[in-house]
Amino acid sequence: MKRKGQSIAIAAVLLLSIMAITTPGPAVASRLAKYAPADCSPGWSVVPSPNPGSYNQLYGVAAISPGDVWAVGEQYTGNTQDTLVEHWDGSSWSVVPSPNPGSFNLLLGVSAVSSSDVWAIGEYSIGNGHTMNLTEHWDGTSWSVVPSLDLGTGVNKLNSVVVIASNDVWVVGYYAVRDAAAPLTEHWDGTAWHAVPSPDPGNINDLTKVVALSSNDVWAVGSYSGVSGPSRTMTEHWDGISWSLVPSLNLGTGDNRLDGIAQVSSNNVWAVGYYAVGGYPTNLTEHWDGTSWSVIPSPDPVVGSNELNSIAQVSSDDVWAVGYSYSTEGIGSTLTEHWNGTSWSVAPSPNPGSNRNMLNAVAPLSSSDVWAVGGAGSGIDVQSLTEHYSTTSCGTNTPTPTPQPTVCPNPFVDIYTNVFFHAINSLYCQGVVSGTDASHYAPSGTASRSQFAKLVALAFGLPLTTPSSGQDFTDVPPSYWAYLYIESGYAASILNGFDAPSCAQFGQSYPCYLPGLPINRGQLTKLVVNAGGYTLSTPTTGPTFTDVPPSSPFYTYIETAHVQRVINGYPDGTFRPNNSIRRDEMGGIVYTAQQNQPTSPTPTDTAVLSVTDTPGLGMTDTPTTTATPLATDTHGTPTSTFTPTPLPSPTFTPTLGLAKS
């Protein structure tokens with residue numbers, strides 16, 4: 001049975017050299033204009049937006065209707081920094097003139113109660129390092145400045161705004177008092193702004209985001225710190241009478257901060273931000289159940305920095321969070337994560353910038369209509385970035401798909417031109433894979449550990465079993481959708497969990513499995529090498545790939561796999577070990593493994609699918625192994641009457657690697 005894990009890993013030989021991507025060279029503006037979805041599957045796509053300045057970035061977004069969306073930020077040209085306000089009318093984004101009362105002007109948040117009642121907030125400079133609160137209002141015709149209160153003598157800043165009604169608006173931020181900073185909460189009653197006292201637990205206090213369910217149920221989040229020491233998360237609640245401090249959680253010994261909050265109901269609130277691990281920000285996701293805050297694991301796609309900046313909800317099982325990832329190789333990528341009611345998973349999103357992409361805010365209208373804004377570019381050349389999530393991104397212009405040979409009728413409209421069409425169709429016909437809905441497979445979606453467990457268990461006919469003594473992993477209860485598959489893979493010694501420190505860093509008790517965590521190229525390569533029993537080797541001439549130095553925990557495994565002609569890099573000389581595996585690629589790997597059951601070599605130990613080697617997550621660099629000879633292969637053919645048609649064997653190309661959209 002253990003040979004199944006070996007065959008799955010070695011099957012990657014046939015697939016990891018099929019596809020490649022290159023970095024296009026056009027200017028950022030051109031990249032933004034040309035970027036489009038690869039297919040009609042549910043997903044994120046770039047929608048071109050104006051760039052009036054040489055530097056442009058959007059920090060806030062508010063969606064009123066499909067034809068009425070506002071985004072705010074900044075534009076910079078020469079020595080002038082002005083507010084940037086853009087509007088979506090259902091067909092295109094356009095710049096709307098907005099006031100600039102100071103020499104330095106910035107808008108950070110926007111919220112609306114109707115098409116003629118929209119608020120935007122931020123700050124402006126009056127010189128000599130002094131900044132003032134900036135509140136602007138849209139009345140359906142034009143933007144105007146509405147004076148707000150400045151409590152600090154030097155620095156005042158508003159970070160967020162929420163509109164409950166035309167006479168019920170909250171803004172939050174901070175103001176400086178000598179060597180300290182106090183949280184700032186102000187309320188609009190329909191006539192004027194009023195300062196409302198709020199707790200200040202530290203020497204430096206900053207409220208970054210505010211959200212409201214009603215006039216007596218308002219939340220604000222941020223951070224505070226003492227005279228020395230790391231920052232701590234801060235959550236405050238307004239009950240209609242006063243603000244109170246609500247204890248929240250902090251992970252690790254470094255800085256912790258909350259930058260976004262979303263409220264589904266009075267006992268269902270989400271907050272996102274980061275906590276520092278080894279100097280790098282790591283995603284922090286917390287949930288309020290009406291009584292207390294708890295940490296809920298969320299994926300960190302890259303080794304390096306991962307930070308969620310904003311969160312918004314459609315319903316209790318449809319929540320979006322956005323931010324950025326910045327790898328140790330110096331590549332900044334947009335980060336979009338989705339909560340489906342059970343776990344968080346990464347949803348691939350476009351990166352039109354060559355090395356700098358980020359999302360700062362998200363606003364959903366429905367489960368099929370979500371907007372996110374930020375910036376993209378190269379170095380200091382940053383342009384506004386507006387991305388849209390839709391389940392019908394191609395609309396009525398979807399071309400008639402070219403017929404493909406099928407094992408059984410194909411229901412998925414988004415895989416006809418996919419290189420793994422035959423693999424996905426064959427696995428679907430076996431009942432191994434399913435779509436995200438009746439007609440979409442979402443091939444570009446990120447493959448998670450739970451999805452991989454299902455494919456392994458069903459594709460190789462593993463005995464579906466559950467432990468008589470109860471669940472093996474604390475974060476995979478019997479009610480979890482992949483419980484049966486994960487337990488079956490664990491019983492077959494193909495899958496495994498995490499060590500205690502790793503579980504703790506994700507807010508889980510040991511032993512944990514972390515089912516929503518994505519799988520990346522470096523981890524899969526290590527699995528291939530260990531499962532294949534290859535003799536580890538390194539080149540005498542130095543590293544083969546520019547982004548995999550000898551200090552990388554994957555170095556020896558990647559170099560060994562390269563020598564064995566198992567896996568290769570990209571045309572630019574990189575390997576990109578942190579790139580995630582897509583749903584279509586995962587299907588292709590499993591299907592090809594079905595058709596190519598190796599009979600040798602027999603490894604001396606069994607590699608398990610345990611992500612135990614990712615720096616920054618508190619994980620060890622030693623995979624869990626069992627030094628027991630492998631059992632006789634009794635599952636070479638799935639338990640079904642289906643006879644799959646083998647895929648053509650791909651030609652080995654030394655310079656190609658596995659692509660990531």
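Note that the numbering runs from 1 along the sequence shown for the chain. When reading the values below, keep in mind they use all heavy atoms of this one structure, side chains included, and skip hydrogens, waters and symmetry mates.
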> Does some side-chain heavy atom of Trp70 sit less than 4.5 Å from a side-chain heavy atom of Val72?
Replying inline: no
> Ion pair present between Asp255 and Arg257, side-chain N to carboxylate O less than 4.0 angstrom?
Replying inline: no
>> Could you tell me if the side chain of Ile331 sits less than 4.5 Å from the side chain of Tyr326, heavy atoms only?
In response: no
>> Measuring from atom CG of Leu284 to atom OG of Ser298, what distance do you get when rounded to the nearest 0.5 angstrom?
In response: 7.5 Å
>> Between Ser384 and Asn51, do the side chains contain a donor N or O and an acceptor N or O under 3.5 Å apart?
In response: yes
> Strictly by modelled atom types, are Ser366 and Asp369 linked by a side-chain donor-acceptor pair under 3.5 Å?
Replying inline: no
>> Looking at every heavy atom in both Gly53 and Thr77, which two are closest together, and how far apart are they?
In response: CA-OG1, 3.1 Å
> Side-chain contact, heavy-atom cut-off 4.5 Å: Tyr324 with Pro281?
Replying inline: yes
> How close do Ser160 and Ile121 get, heavy atom to heavy atom, and via which atoms?
Replying inline: N-CD1, 3.2 Å
>> Does Val272 form a side chain to side chain contact (heavy atoms under 4.5 Å, CB included) with Leu258? I'd like the steps, not just the answer.
In response: CA-CA 5 Å; Val272 298; Leu258 294 174; 5.9 Å; no
>> Checking side-chain contact (heavy atoms from CB on, under 4.5 Å) between Gln75 and each of Asp82, Leu58, Val85, which is the one that passes?
In response: Asp82
>> Could you work out, with ring-ring contact (aromatic ring centres under 6.0 Å, His included) as the rule, every residue matching Tyr76, not counting sequence neighbours?
In response: none
> Which heavy atom in Pro50 sits nearest to a heavy atom in Glu86, and how many Å separate them?
Replying inline: O-OE2, 2.7 Å
>> Could you walk me through whether Thr336 and Val346 satisfy the side chain to side chain contact (heavy atoms under 4.5 Å, CB included) test, starting with their C-alpha distance in whole Å, then the side-chain angles of each, then the deciding distance to 0.1 Å, before giving a yes or no?
In response: CA-CA 6 Å; Thr336 56; Val346 173; 5.6 Å; no
>> When you compare the side chain of Trp293 with that of Val269, does any pair of heavy atoms fall below 4.5 Å?
In response: yes
>> Quick one, Ser325 with Asn306, criterion side chain to side chain donor-acceptor pair (under 3.5 Å). Give me CA distance, side-chain angles, the key distance, then yes/no.
In response: CA-CA 4 Å; Ser325 294; Asn306 299 272; 2.8 Å; yes
> Thr386 versus His388: any side-chain heavy-atom pair under 4.5 Å?
Replying inline: no
>> Quick check: do Ser327 and Val303 have side-chain heavy atoms less than 4.5 Å from each other?
In response: no
> Can you name the nearest heavy-atom pair linking Ile486 to Pro515, along with the distance?
Replying inline: CD1-CB, 4.2 Å
>> Is it the case that the side chain of Thr334 and the backbone of Pro350 share a donor-acceptor pair, with hydrogens and angles ignored and the cut-off at 3.5 Å?
In response: yes
>> Can you tell me how far apart CD1 (Ile261) and OG1 (Thr235) are? Round to the nearest 0.5 Å.
In response: 7.5 Å
> So, do Trp344 and Trp270 have ring centers that fall under 6.0 Å from each other?
Replying inline: yes
> Mind checking whether Leu308 and Thr285 have side chains closer than 4.5 Å, heavy atoms only?
Replying inline: yes
> Residues in side-chain hydrogen bond (donor to acceptor under 3.5 Å, both in side chains) with Asn283, at least two apart?
Replying inline: Asp300, Glu337
>> Applying the ring-ring contact (aromatic ring centres under 6.0 Å, His included) criterion to Trp371, which one of Trp88, Trp320, Tyr389, Trp44 satisfies it?
In response: Trp88
> To the nearest 0.5 Å, how far apart are CD1 in Ile296 and OG1 in Thr342?
Replying inline: 11.0 Å
>> Taking salt bridge (Lys or Arg N to Asp or Glu O under 4.0 Å) as the definition, give me every residue that meets it alongside Asp475, ordered by chain and number, with sequence neighbours left out.
In response: none
> Do Glu559 and Thr544 have a side chain donor and acceptor closer than 3.5 Å?
Replying inline: yes
>> How close do Tyr280 and Ser305 get, counting heavy atoms only, and between which atoms?
In response: CD2-OG, 3.5 Å
> About how many Å separate CZ of Arg232 and OG of Ser248, when rounded to the nearest 0.5 Å?
Replying inline: 9.5 Å
>> Between Leu359 and Glu387, does the side chain to side chain contact (heavy atoms under 4.5 Å, CB included) criterion hold? Intermediate values first, please.
In response: CA-CA 9 Å; Leu359 293 173; Glu387 298 196 2; 4.2 Å; yes
> How long is the span from the CG atom in Asn357 to the CG atom in Leu385, to the nearest 0.5 Å?
Replying inline: 7.0 Å
>> Please check: side-chain N/O of Ser502 versus main-chain N/O of Phe498, any donor-acceptor pairing under 3.5 Å?
In response: no
>> The test is side chain to side chain contact (heavy atoms under 4.5 Å, CB included); show your working for Val95 and Leu84 and say whether it passes.
In response: CA-CA 7 Å; Val95 173; Leu84 174 59; 4.2 Å; yes
>> Tell me if a side-chain donor or acceptor on Asn159 pairs with a main-chain N or O of Leu207 at a distance below 3.5 Å.
In response: yes
> Are a donor atom and an acceptor atom from the side chains of Ser223 and Ser231 found within less than 3.5 Å of each other?
Replying inline: no
> Of Thr233, Asn309, Asn256, Asp259, which meets side-chain contact (heavy atoms from CB on, under 4.5 Å) against Tyr274?
Replying inline: Asp259
>> Within the structure provided, determine whether Trp93 and Pro48 are in side-chain contact (heavy-atom separation under 4.5 Å).
In response: no
> How close do Ser54 and Gln383 get, heavy atom to heavy atom, and via which atoms?
Replying inline: O-NE2, 3.2 Å
>> Measuring from atom CG of Leu427 to atom OG of Ser434, what distance do you get when rounded to the nearest 0.5 angstrom?
In response: 11.0 Å
> Does any donor atom in the side chain of Glu74 or Gln81 lie under 3.5 Å from an acceptor atom in the other side chain?
Replying inline: yes
>> Please check this pair: side chain of Asp318 against backbone of Val314, looking for a donor-acceptor N/O pair closer than 3.5 Å.
In response: no
